[in-house]
Amino acid sequence: MKRKVGLTLLALLLSLSMFGCSSDGSSSSGKGKNSGLRMLMPYSRFDPNKDFMASYIQEKTGVQVNYEMLPAENFDEKLNLLVANKEPIDIMKLSSGQFYQLASSGALEPLDELIDEHGDYIKSAIKDSTWGSATIDGKIYAIPEAGSGASAGEALVVRQDWMDELGLEAPKNPEELYTVLKTIKEKKQIVPLTGAKDSIYGDIASAFGIVNDWEDQNGKLVHKAEHPRMKEFLSYMNRLYEEGLIDQEMPINTAAKAIEKFTSGKAAMYKLAWWNSTNTVNSLKQNFPDAKLSVIPYLQDADGKASVGINTGITWFIAIPKASKHKEEAMKLLNAKLAPDVFKGLAIGDEGVHHELKDGKYYPILPKFNEDLTNGSSYMTGTDEHKYPEYWQARVRKEPILQSYFEAFQKEAEGHLVIDPMSLAPPIDAVNKNKLKLMKLLDDNVLKFITGAEPVANYDQVLEQWYAEGGKDMVKQANDWYTNR
Amino acid sequence: MDTRLKQEQASIRKTPARKRSSSRDKGSLGERLFQIFNICFFIGMGLTTLIPFVNLIAKSFSSEAAVVSGSVNLFPIGFQIGTYRYVLQDILFIQSFRTSVIVTVLGTLLGLLFTTLTAYPLSKLRLRGRKWFLLYFIFTMLFSGGLIPTYLLMQELKLVNSIGVLFLPGMVNIFYLLLIKNYFEGLPESLEESAKIDGAGHLRILVSIVLPLSLPVLATIGLFFAVQYWNDYFAAMIYISNPEIKPLQLFLKEMLVASSNDFLKDRVDAALNTTPQSIQAASILLATLPILLVYPFLQKYFVKGVLIGSVKG
């Protein structure tokens with residue numbers, strides 16, 4: 001008996017040592033072969049080495065790439081570990097904060113020469129104005145990956161069945177909104193307007209002229225926090241809150257909680273993001289088969305003008321770290337992925353297999369499109385800015401509810417889009433350093449003013465604090481860039 | 001998991017007490033009131049841990065539309081099992097499950113082996129320099145090199161991005177070592193002496209006398225190890241970027257984080273691909289079940305543990 005135990009233990013040890021060797025062997029052989037490039041991408045829920053896109057890219061470009069992902073949380077720490085350790089990663093897909101941090105600490109390779117030598121497709125795909133966002137001290141440190149173009153993301157939606165029942169018209173401005181909410185409150189005894197703690201501004205703020213984080217006022221950049229009408233907006237929201245017209249739990253609601261309240265019939269109005277529309281609409285229909293939803297046209301300000309703020313800033317930066325041992329190959333791959341036909345394949349697959357062209361619009365072929373291309377955007381390393389918005393909309397057309405809300409929002413927003421003037425700014429030191437901290441400071445306080453925990457008259461003190469904690473620097477450096485651009 | 005463990009320990013401690021009181025018939029009014037209060041209180045405590053779990057089970061069997069509108073409580077609404085079919089076919093889940101099982105089984109076996117082998121000599125008072133050896137081990141419990149140096153060490157050991165990093169560095173757990181050592185010290189010296197008289201060597205004494213007597217502590221520590229390895233995500237988060245060998249807890253954590261609003265901000269494409277809540281619930285449930293199932297089998301050692309007497313008279 002006991003001998004058996006001993007033997008098992010021995011076997012275990014042996015298998016373990018073999019195990020150690022095998023894992024050791026594979027990693028060193030991977031490094032030794034030099035055949036594949038290593039690309040680091042942000043977290044997404046799939047296995048990047050087994051996805052259709054990985055083999056598609058290899059097939060189209062002839063380059064084998066080993067993909068690695070940062071974790072979903074603590075990604076900055078992990079990235080710092082990899083960089084501090086000089087891991088020979090060849091391509092990194094970085095968020096703007098990560099990009100700025102690595103570029104300013106000297107971990108990234110300047111790309112100007114490589115792009116001149118190997119980047120013909122890259123140069124024609126990316127607009128001149130976009131490069132600024134990846135340029136520091138006159139040198140390009142990354143390929144900026146532009147998104148899917150300017151489009152409106154959120155709009156207020158309302159239970160049209162209740163509006164009809166009460167004989168109400170869609171409100172056009174904040175005053176009418178107030179009346180509508182008040183009527184709903186009195187007649188239906190429910191929460192008139194619900195929302196989540198992280199989407200406070202939206203089109204109510206726009207109706208007070210607070211459209212984006214930054215605004216050009218007579219050639220000068222003004223941040224939302226210093227907006228002259230901020231107090232007016234806060235007083236209005238405070239009035240709604242005090243009279244019970246906004247969800248009293250809004251300061252603690254998550255987005256999921258807000259959707260829950262809206263779809264369970266506890267609230268009449270909600271600011272819907274179109275990418276949540278499928279879930280929201282299906283769930284509402286199940287609970288209330290007779291429910292009808294309608295999109296409220298974007299609210300107008302005192303002059304009868306509606307505006308929808310958007311930021312077209314770059315979300316992803318494709319960089320080559322200094323520690324890479326295959327910089328030229330990496331640049332060649334990035335270039336090859338932007339060749340017009342290859343890029344089209346990356347965006348929407350093959351015609352007749354993954355997508356089809358109907359009345360000049362790309363439609364996905366389901367389920368093949370979903371099977372193969374769901375994770376496609378994770379593999380993007382720069383986009384053809386002239387074509388991508390058009391391609392990308394195929395993703396919206398894969399589901400009728402999604403498509404209808406996306407299109408409804410865009411139709412309402414047509415002619416009203418206002419682009420944040422900071423969208424195309426290069427990395428600005430004071431902005432990168434302070435942006436998140438100041439946003440939190442402002443949002444926390446804005447919630448206090450709205451709920452009445454703090455009287456709106458005290459806003460000036462918050463603004464002082466905002467200036468003192470870096471706001472002053474941020475506004476100054478932003479304006480330095482803006483006036484000299 | 002920890003609270004459940006504590007409850008179990010509490011129930012073990014309670015067992016003899018309950019026996020005593022039942023044999024003594026009914027006590028005074030005060031005692032009975034106290035009993036009633038006790039029972040109600042612990043049922044309440046039990047429910048607070050049980051209800052969220054039942055809610056999770058209900059969600060995993062409900063239609064997504066019902067889950068989104070928050071109408072699922074203790075019973076599923078719009079019953080379906082598609083979520084489980086999806087999760088069990090999800091390559092990421094399967095890979096993570098495999099990793100977690102390998103890490104837990106190997107980690108527990110190796111952990112027990114090496115921790116016991118270290119604890120045994122340290123439990124012998126006659127070991128020369130015992131104090132220094134102990135200090136040497138305890139030092140590592142109190143001080144460590146920090147994250148980056150440890151990472152560099154793992155890198156040099158070629159353990160980064162290999163499954164070994166998840167259980168090899170923690171094979172000897174100092175805290176568990178002290179527990180086992182103390183248990184060994186509590187075994188009567190005379191047992192060992194009698195075995196020696198019968199001609200047993202050190203290994204024979206350990207394997208045939210000490211270990212069989214120590215099953216309770218080994219079962220407990222084994223469970224500690226298993227739970228620790230099953231629940232660990234931090235090591236994997238730091239050292240592993242290859243999704244093929246990410247353990248289950250990291251997979252779960254990332255799935256949940258990736259559906260949170262902070263993560264989805266400005267990532268429209270990610271927002272279009274979030275994991276439905278009912279599938280999240282099914283994944284969590286499937287990931288928790290295996291380790292939950294271990295508890296009943298080890299329960300008997302916990303109960304026996306306190307009662308085992310080795311020397312008679």
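Residue numbers start from 1 in every chain, and the chains themselves are labelled A, B, ... in the order their sequence lines are given, proteins ahead of strands. Predicted model, so just to flag it, every value in this text is computed and none were measured.
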[X] to [Y] - nearest heavy-atom pair and separation:
X        : Y        : result
B:Met255 : A:Tyr43  : N-OH, 3.9 Å
B:Thr275 : A:Arg45  : OG1-CD, 3.3 Å
B:Ser69  : A:Ser264 : O-CB, 3.5 Å
A:Ala256 : B:Gln277 : CB-NE2, 4.2 Å

What part of [X] lies closer than 4.5 angstrom to a heavy atom of chain B: side chain, backbone, both or neither?
X        : result
A:Thr374 : both
A:Leu402 : side chain
A:Lys50  : side chain
A:Lys285 : neither

Are the side chains of [Y] and [X] in contact, using a 4.5 Å heavy-atom criterion?
X        : Y        : value
B:Val68  : A:Thr280 : no
B:Met237 : A:Glu77  : no
B:Glu254 : A:Met69  : no
B:Ile238 : A:Lys78  : no
A:Leu82  : B:Tyr151 : yes

Answer yes or no: does atom [atom1] of [X] have more than 12 heavy-atom neighbours from other residues, nucleotides or ligands under 6.0 Å?
X        : atom1 : value
A:Lys435 : NZ    : no
B:Ile81  : CD1   : no
A:Lys93  : NZ    : yes
B:Phe75  : CZ    : no

Problem set entry | Among the listed options B:Asn242, B:Asn161, B:Asp90, B:Val67, the residue most often paired with chain A at heavy-atom distances under 4.5 Å | B:Asp90
For this session: Indicate yes or no: does B:Lys253 engage A:Glu73 in a salt bridge with an N to O separation below 4.0 Å.
Result: yes
For this session: Answer yes or no: is there an ion pair linking B:Lys246 with A:Asp47, defined by an N-O contact shorter than 4.0 Å?
Result: no
Nearest-0.5 Å distance, [atom1] of residue [X] to [atom2] of residue [Y]:
X        : Y        : atom1 : atom2 : result
A:Asn66  : B:Ser241 : CG    : OG    : 10.5 Å
A:Asn85  : B:Leu152 : CG    : CG    : 5.0 Å
B:Leu147 : A:Asn80  : CG    : CG    : 10.5 Å

Exercise. Under a 4.5 Å heavy-atom cut-off, does chain A meet the side chain of B:Leu92, its backbone, both or neither?
Worked result: side chain
Exercise. Given a strict heavy-atom distance threshold of 4.5 Å, which part of B:Ile77 is in contact with chain A: side chain, backbone, both, or neither?
Worked result: side chain
Exercise. Can you tell me if B:Glu64 and A:Asn282 form a side-chain donor-acceptor pair at under 3.5 Å?
Worked result: no
Seminar exercise, completed: Greatest number of non-hydrogen atom pairs under 4.5 angstrom with chain B, of A:Asn375, A:Ile259, A:Asn279, falls to A:Asn279
Problem set entry | Options A:Val281, A:Asn49, A:Val396, A:Asn74, ranked by heavy-atom pairs under 4.5 Å with chain B, top entry | A:Asn74
